[in-house]
Amino acid sequence: MAEINWIAAVAAGVLGFFVGGLWYSKLMFLKPWQADTGIADGHKGNISEATRFAVGITLSVVAAIVFAAFLGPEPPLGGAVLWGLAVGLAFITTSFGIQHLFEGRTARVALINCGYHTAQFALFGLILGLWH
């Protein structure tokens, strides 16, 4: 863990979280995601917006740090991005796929959610592959 680029890993985690802001925006997948989940604009639930952002960013940073440790020091750019795609497709998409099946979610919601995390890990790989 001491050999990872901590600044790059934290930056990747923060930027990866904010990709979700674009992914689930009106510019991309907000409307179909809302239609299939039943979650409307302004839905707050019992968790404050500040808590959602703080915990969400923290979890994304933890994921990026562990991914950086997995890649090792100074990963080659192409390999880092490919590993990000592989993690997104092989680990996250398959795991979420099982969960979505048993929750009765639509394939469209599964593709939207899994697509975000695949893009997130590909971005982690891009940042970690460039920044050493």
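We're numbering straight along the sequence, starting at 1.
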What about V81 and Y116, same hydrophobic cluster or not, with Ile/Leu/Val/Met/Phe/Trp/Tyr joined at side-chain heavy-atom distances under 4.5 Å?
yes
Quick one: do F18 and V61 end up in the same hydrophobic cluster if we chain Ile, Leu, Val, Met, Phe, Trp and Tyr together by side-chain heavy atoms under 4.5 Å apart?
yes
Which pairs with one or both residues in residues 73-92 pass ring-ring contact (aromatic ring centres under 6.0 Å, His included), sequence neighbours excluded?
F70-W83
Who pairs with S95 by side chain to side chain donor-acceptor pair (under 3.5 Å), at least two apart in sequence or on another chain?
none
Set of ring pair (Phe, Tyr, Trp, His ring centres under 6.0 Å) partners for F67, sequence neighbours left out:
F121
Which heavy atom of L89 sits nearest to which heavy atom of T118, and what is that distance?
N-OG1, 3.8 Å
Going only through I, L, V, M, F, W and Y residues with side-chain contacts under 4.5 Å, is there a path from L111 to F29?
no
Kindly write out the residues that satisfy side-chain contact (heavy atoms from CB on, under 4.5 Å) with L59, not counting sequence neighbours, or none if the list is empty.
V55
I'd like to check the side-chain contact (heavy atoms from CB on, under 4.5 Å) partners of T37; sequence neighbours left out, ordered by chain and number.
W33, I39, R105, V109
Excluding sequence neighbours, so at least two apart, what forms side-chain contact (heavy atoms from CB on, under 4.5 Å) with L15?
L123, I127
CD1 of I57 to CZ of R52: how many Å apart, nearest 0.5 Å?
13.5 Å
So salt bridge (Lys or Arg N to Asp or Glu O under 4.0 Å) across residues 8-37, not counting sequence neighbours, yields D36-R108
Quick one: which residue pairs count as a side-chain hydrogen bond (donor to acceptor under 3.5 Å, both in side chains) with a foot in residues 59-75, not counting sequence neighbours?
S60-Q120
Quick check: closest heavy atoms across H117 and I92, and the distance to 0.1 Å?
CB-CG2, 3.6 Å
Side-chain hydrophobic cluster, 4.5 Å single linkage: members besides F102:
I98, L101
Closest approach of P73 and E3, non-hydrogen atoms and distance?
CG-OE1, 3.2 Å
Which heavy atom of L85 sits nearest to which heavy atom of A122, and what is that distance?
CD2-CB, 3.7 Å
Only counting residues at least two apart or in another chain, list the ones meeting ring pair (Phe, Tyr, Trp, His ring centres under 6.0 Å) with F53.
F17
Does any pair with a residue in residues 10-25 pass side-chain hydrogen bond (donor to acceptor under 3.5 Å, both in side chains), and if so which ones, sequence neighbours excluded?
Y24-N113
Taking L71 as the starting point, is it possible to reach L77 by hopping between hydrophobic residues whose side chains are less than 4.5 Å apart?
no
Using modelled atom types and a 3.5 Å cut-off, is there a donor and acceptor pairing between side-chain atoms of H100 and backbone atoms of A107?
no
Taking every heavy atom of F124 against every heavy atom of G13, the minimum-distance pair comes out as CE2-CA, 3.8 Å
Sequence neighbours excluded, which residues qualify as side-chain contact (heavy atoms from CB on, under 4.5 Å) partners of A8?
N5, L128, W131
